[in-house]
Student: 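Input: one structure, supplied below.
Chain naming here is simple, since letters A, B, ... match the order of the sequence lines and numbering starts at 1 in each.
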Protein chains: 2
Amino acid sequence: MTTEARIPLSRERVLQAAVALADEHGLRAVTMRRLAEELGAEAMSLYYHVAKKEDVLDGIVEVVAEEINDVVARVDRGPDWKQTARRRILAARRVFLRHRWAPALFGTRSSTSIAVLKYYDSLVGLMREGGFSHDRIHHALHALGSRALGFSQELFDPNAGASAEVPAELAAQLPNLVGMLSEIAHDDPDSTLGWCDDQAEFEFGLDLILDGLDRLREP
Amino acid sequence: MTTEARIPLSRERVLQAAVALADEHGLRAVTMRRLAEELGAEAMSLYYHVAKKEDVLDGIVEVVAEEINDVVARVDRGPDWKQTARRRILAARRVFLRHRWAPALFGTRSSTSIAVLKYYDSLVGLMREGGFSHDRIHHALHALGSRALGFSQELFDPNAGASAEVPAELAAQLPNLVGMLSEIAHDDPDSTLGWCDDQAEFEFGLDLILDGLDRLREP
DNA sequence: ACCTGAACACCGTTCAAGT
DNA sequence: ACCTGAACACCGTTCAAGT
């Protein structure tokens with residue numbers, strides 16, 4: 001951290017620093033001022049390399065999506081389209097496990113990242129080779145939604161309820177949920193991603209959809 | 001807007017105003033100062049009725065979830081668990097169509113709203129009556145994710161690509177996607193919710209999952 | 001070409017003070 | 001009990017000015 005070592009700023013350096021900052025302190029910590037500090041510069045200097053904060057956020061989505069594409073490119077093909085898709089999606093998922101803030105951010109972007117488009121493009125190609133019509137593939141992409149990229153949006157966390165103390169008064173209003181949770185011993189509470197989405201559950205939902213799609217496949 | 005008409009503030013009034021503000025100008029417009037202005041008060045007055053802004057956001061999630069529960073309670077039962085679940089979920093979805101900002105917000109809440117828990121509780125009850133084990137239901141909730149509440153997270157918008165002009169250079173890198181989109185004439189571009197999630201596509205994905213679950217049902 | 005200081009308009013939130 | 005004014009620490013962003 002000497003004053004002499006001044007690597008010049010660049011869009012790429014800014015984005016790398018933003019990803020590192022989010023990894024370490026969460027997305028909330030990614031502020032123009034904090035980001036600049038991390039780079040040993042002033043906040044205003046960033047604006048020479050980046051249009052505005054939204055641009056930074058779009059940029060780090062792109063960085064993560066490219067990371068996914070790199071990983072996915074190294075995935076071996078399976079015996080059929082379904083196995084290959086499954087392996088790719090689970091590989092993509094592993095990237096999100098390294099960037100826990102990413103699912104929430106991906107969900108808020110309005111313009112789609114080019115790397116994400118490329119990811120979907122290769123998925124379309126895979127399904128095409130697997131014998132699907134374009135129309136079916138289009139439906140499939142919607143059906144998969146964010147699952148195609150390796151994460152899913154959960155709106156409540158059954159695991160959290162199992163461990164946390166539920167007030168008796170509330171529990172009385174949730175007889176079915178409490179009944180279910182009390183019966184389920186969840187052994188793997190650690191490997192959760194985003195909104196309670198552990199590996200086994202993710203794979204269950206994914207296979208349900210992939211199997212359903214496979215059944216619809218034209219011969 | 002006379003100065004005499006001063007309905008006193010209350011937590012409920014604050015939350016109602018916040019929902020109205022988000023409906024009209026988006027979630028970004030919901031700031032403590034703007035919200036107070038809308039209520040004819042000062043920003044600092046809100047803090048008497050609400051702990052902090054996060055509390056307001058949790059509160060409006062609760063308001064929307066209660067709206068969903070009201071609507072769902074009036075849904076007739078179908079011939080079987082699957083049809084009933086389907087009707088409930090599509091009814092819930094209609095509420096999100098009235099509050100387009102809500103899916104993004106629901107996704108960011110860490111603590112689960114009581115109304116959302118009640119919604120899931122009744123879904124668990126329905127599946128229980130339908131013959132599912134608690135374990136299967138637990139899996140089912142994960143598989144459905146946010147779809148159980150009527151929306152799904154899409155990460156790129158095939159419809160947007162169809163209408164928008166894709167630069168030739170990029171199109172060359174996305175042969176499969178471009179091929180698919182050029183073949184698909186999408187006639188219903190209006191009824192989209194959140195991340196390109198039109199009615200037909202939502203139902204396709206939902207039915208894929210519900211059918212898959214039904215097939216797994218214990219006799 | 002690249003970076004910065006000062007400044008602006010806007011946040012959420014506190015606290016002591018008003019009625 | 002309920003509301004407010006002044007103030008604080010923090011944002012993103014501009015613009016003219018420095019090297």
Student: B:Val95: which residues meet the side chain to side chain contact (heavy atoms under 4.5 Å, CB included) condition with it, sequence neighbours left out?
Tutor: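 Once residues adjacent in sequence are excluded, the partners of B:Val95 under the side chain to side chain contact (heavy atoms under 4.5 Å, CB included) criterion are B:Val64, B:Glu67, B:Ile68, B:Val71, B:Arg98, B:His99.
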
Student: With A:Ala115, which residues qualify under side chain to side chain contact (heavy atoms under 4.5 Å, CB included), at least two apart?
Tutor: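 A:Ala115 satisfies side chain to side chain contact (heavy atoms under 4.5 Å, CB included) with A:Glu62, A:Ala65, A:Glu66, A:Asn69, A:Ser113 only.
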
Student: Can you tell if the side chain of A:Leu126 reaches within under 4.5 Å of the side chain of A:Arg88, non-hydrogen atoms only?
Tutor: yes

Student: In this structure, how many angstroms lie between the P atom of C:dT4 and the CD atom of A:Glu42, rounded?
Tutor: 5 Å

Student: Under the salt bridge (charged side-chain N to carboxylate O under 4.0 Å, His left out) rule, what pairs show up with a residue in residues 41-57 of chain A, not counting sequence neighbours?
Tutor: A:Arg11-A:Asp55, A:Glu54-A:Arg109

Student: Could you list by number each residue of residues 49-63 of chain A showing a heavy-atom separation from DNA chain C of less than 4.0 Å, or answer none if no residue does?
Tutor: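 By residue number: A:His49.
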
Student: Under 4.0 Å between any heavy atoms, over every strand shown, what does B:Met44 touch: base, sugar-phosphate, or nothing? Just pick one.
Tutor: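 Base, at least one base atom sits under 4.0 Å.
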
Student: Take B:Phe156 and A:Tyr119 through the ring pair (Phe, Tyr, Trp, His ring centres under 6.0 Å) test and state the conclusion after the steps.
Tutor: CA-CA 10 Å; B:Phe156 96 105; A:Tyr119 177 87; 9.9 Å; no

Student: Over how many whole Å does the gap from A:Leu35 atom CG to D:dG12 atom P extend?
Tutor: 9 Å

Student: Please give, in whole Å, the distance from D:dA9 C1' to A:Arg34 CZ?
Tutor: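 Atom CZ in A:Arg34 sits about 15 Å away from atom C1' in D:dA9.
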
Student: Any chance the side chains of A:Gln173 and A:Glu169 put a donor and an acceptor closer than 3.5 Å?
Tutor: no

Student: Measure CE/A:Met32 against P/C:dA7 and give the value in whole Å, please.
Tutor: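 Whole-Å distance recorded here is 21 Å.
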
Student: Would you tell me if any nitrogen or oxygen in the side chain of B:Tyr48 comes within less than 4.0 Å of OP1 or OP2 on D:dC2?
Tutor: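 For D:dC2, OP1/OP2 do have a side-chain N/O of B:Tyr48 under 4.0 Å.
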
Student: Figure out the CG/C1' separation between A:Leu46 and C:dC2, and round it to whole Å.
Tutor: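 These atoms are roughly 13 Å apart.
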
Student: Looking at DNA chain C, which of residues 18-31 of chain B put a heavy atom within less than 4.0 Å of it?
Tutor: B:Thr31

Student: For A:His138 and A:His142, which I'm curious about, is there any donor-acceptor pair between the side chains at under 3.5 Å?
Tutor: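 The answer is yes; a qualifying pair exists.
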
Student: Can you check whether B:Arg147 reaches B:Phe202 side chain to side chain, under 4.5 Å on heavy atoms?
Tutor: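 Answer yes - side chains close enough.
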
Student: What is the distance, to the nearest angstrom, from the CG atom on A:Leu9 to the C1' atom on C:dT4?
Tutor: 12 Å

Student: Checking contacts here: which listed nucleotide (C:dG12, C:dT4, D:dT4) is nearest the side-chain heavy atoms of A:Ser45?
Tutor: C:dT4

Student: Just to be sure I understand: a Watson-Crick pair is purine N1 to pyrimidine N3 plus N6-O4 or O6-N4, both under 3.5 Å. Using that and G-U wobbles, which stems of three or more pairs involve DNA chain C?
Tutor: C:4-8 with D:12-16, C:12-16 with D:4-8

Student: Would a 4.5 Å heavy-atom cut-off, applied to side chains only, mark B:Asn176 and A:Ile137 as touching?
Tutor: no

Student: Evaluate the side-chain contact (heavy atoms from CB on, under 4.5 Å) criterion for residues A:Gln153 and B:Phe106: first the C-alpha distance (whole Å), next the side-chain angles of each, then the deciding distance (0.1 Å), finally the verdict.
Tutor: CA-CA 10 Å; A:Gln153 185 169 44; B:Phe106 271 66; 5.9 Å; no

Student: Between B:Arg11 (CZ) and D:dC2 (P), how many Å, whole number?
Tutor: 15 Å

Student: Which sits closer to the 5' end of DNA chain C, A:Ala43 or B:Ala43, going by the nucleotide each is nearest to?
Tutor: A:Ala43

Student: Grab the CZ-P distance between A:Arg13 and C:dC2 for me, whole Å please.
Tutor: 14 Å

Student: Is any NZ, NE, NH1 or NH2 atom of the basic residue among B:Glu38 and B:Arg34 found under 4.0 Å from an Asp or Glu carboxylate oxygen of the other?
Tutor: yes

Student: Could you go through A:Ile60 and A:Leu57, starting from their C-alpha distance and side-chain angles, then the distance that decides it, and tell me whether this counts as side-chain contact (heavy atoms from CB on, under 4.5 Å)?
Tutor: CA-CA 5 Å; A:Ile60 61 180; A:Leu57 297 180; 4.2 Å; yes

Student: Choose from D:dT13, C:dC3, C:dG12 the nucleotide whose nearest atom is closest to any side-chain atom of A:Pro8.
Tutor: C:dC3

